[in-house]
Amino acid sequence: MRITTVGCGYLGAVYAASMASIGHEVLGLDVDQKKIDDLNQGVAPFHEPGFSAVLEEALGSGRLRFSTDYSDAADYSAHVICVGTPQQIDAAGADLTYVHAAVDSLVPHLADDAVVLGRSTVPVGTAASLRERLREAGKDTPLAWNPEFLREGFAVEDTLRPDRIVYGLPDDPAEAARAREVLDLMYAPMLEADTPLVVGNYATAELVKVSANSFLATKISFINAVAEVCEATGADVSVIAEAIGLDDRIGPKFLRAGIGFGGGCLPKDIRAFMARAGELGVTEALGFLREVDNVNNRRRDHVVNMARQELGGTFTGKRVAVLGASFKPDSDDTRQSPALYIASKISGRGADVVVTDPAANTRVHAERPNLAVAEDAYAAAAGADIVLLLTEWKQFKELDPVRLREVVATPTMIDGRNVLDPAAWREAGWTYRSMGRP
Ligand code: UDX
């Protein structure tokens, strides 16, 4: 297949390189010239394990290139929309500006046999409105929705070996057949490997994605709500998670209590889902997601309060070391990061905050000039009155409590991700506190 990806962020760039690696001819399009130049030179614009290797290999094969010139799209037959759908600045709903711009930019260059495929996460109803947008522009190009489920940190793996593929096909049988033909060719190696394929209409495919992310967010907030009760009773949330996770109807994954979920997907997806339900007149159906969001936000503030308590009631003049800035390990993504929220809040209350992150230091330095940035955990913790572990990078999980104790002013550790061994840290002389564990 000859494929373009419109948008070369985490989703589009990984998709472009991965599709080229399985034999397709791919053109990655984006409006950001610097990003396109970097990608053409094999430089990954973000930290994503395995991406550089797949990018380099795909560029070397001659099957992948990147461009800002949308007229290059005329020679390609499948156009995959991979642009972002962030939360609107002043509302809970998704901002579809980039999706509309992607379709409008493609319109003048769509070949007669072209098909448009959407992968971005969009509010239900968007695919139908985009199909209408194409018709109004005089194009009868078939459009299908094909949501992605990739996790940052595993983006290449999730693209090449997805646990399911979903097609949202148009109602018109001829258009649906053409879109399906293209999708089947694109995913031929995955389908041959027996990847489950689920087929529905536009609305179903759009809702599969937001339902999946809402369920994951609910699972995390559920266990964090239980952690709140544990904190009031002396129970241990990690033992509860282990015990309930052994019930295979519940399962052990996404039951890690801590400072909650962040990132470019879960927080904005649940809010956009609620906003869309409101527009559709079914607000009450998703009322529980408001509580999911509330529990999540409370966990962040809980850590701030816990740190202030340990510091004797005030942050003024205190030195606080923050280990982790990205929203999860193996990523440099700081969007909606609980770690960065906590660091900024404590800094705003008068503490001298030093942050360190194995991948996001440059980003923190550029975006949060009020936060000092240190090379590693030992440098960040030098002279600290308290240390907060907020992103569970391997480097932090493996920290030596004896060695770290030597550099701090006061050995107090708040483990926001429940990843350290309480006994080992207490034995090394630390006051150790974690989330929902006695
Ligand atoms: C998510 C979905 O998992 C993915 O399928 C979708 O395509 C995009 O959104 P991602 O944003 O990469 O992927 O992150 P995810 O691994 O889901 O983690 C989200 C947040 O939840 C992180 O901040 C993580 O630290 C937190 N989390 C996750 C918990 O706090 N506890 C858990 O048990 C699991």
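This one's a predicted model, so the numbers in the text were calculated from it and none came from an experiment. Both ligands and their constituent atoms are indexed starting at 1 by order of listing. Numbers here are sequence positions counted from 1.
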Using a 6.0 Å distance limit plus a 45 degree cone around the ring axis, check whether R164 lies over the aromatic ring of F149. yes
Any Lys/Arg nitrogen of E152 or R335 sitting under 4.0 Å from an Asp/Glu carboxylate oxygen of the other? yes
Just checking, R349 and F315: is the charged tip under 6.0 Å from the six-membered ring centre and within 45° of the axis? no
Hey, does V353 have a side-chain heavy atom less than 4.5 Å from the side chain of V322? yes
Carboxylate-amine/guanidinium contact D357 R363, below 4.0 Å: no
Neighbouring residues of ligand 1, heavy-atom cut-off under 4.0 Å: E148, F149, L150, R151, E152, K209, N213, L216, I220, F254, L255, R256, G260, F261, G262, C265, L266, F327, K328, R417
Examine R151 relative to F154 and say whether NZ or CZ is less than 6.0 Å from the centre of the six-membered ring and inside a 45° cone about the ring axis. yes
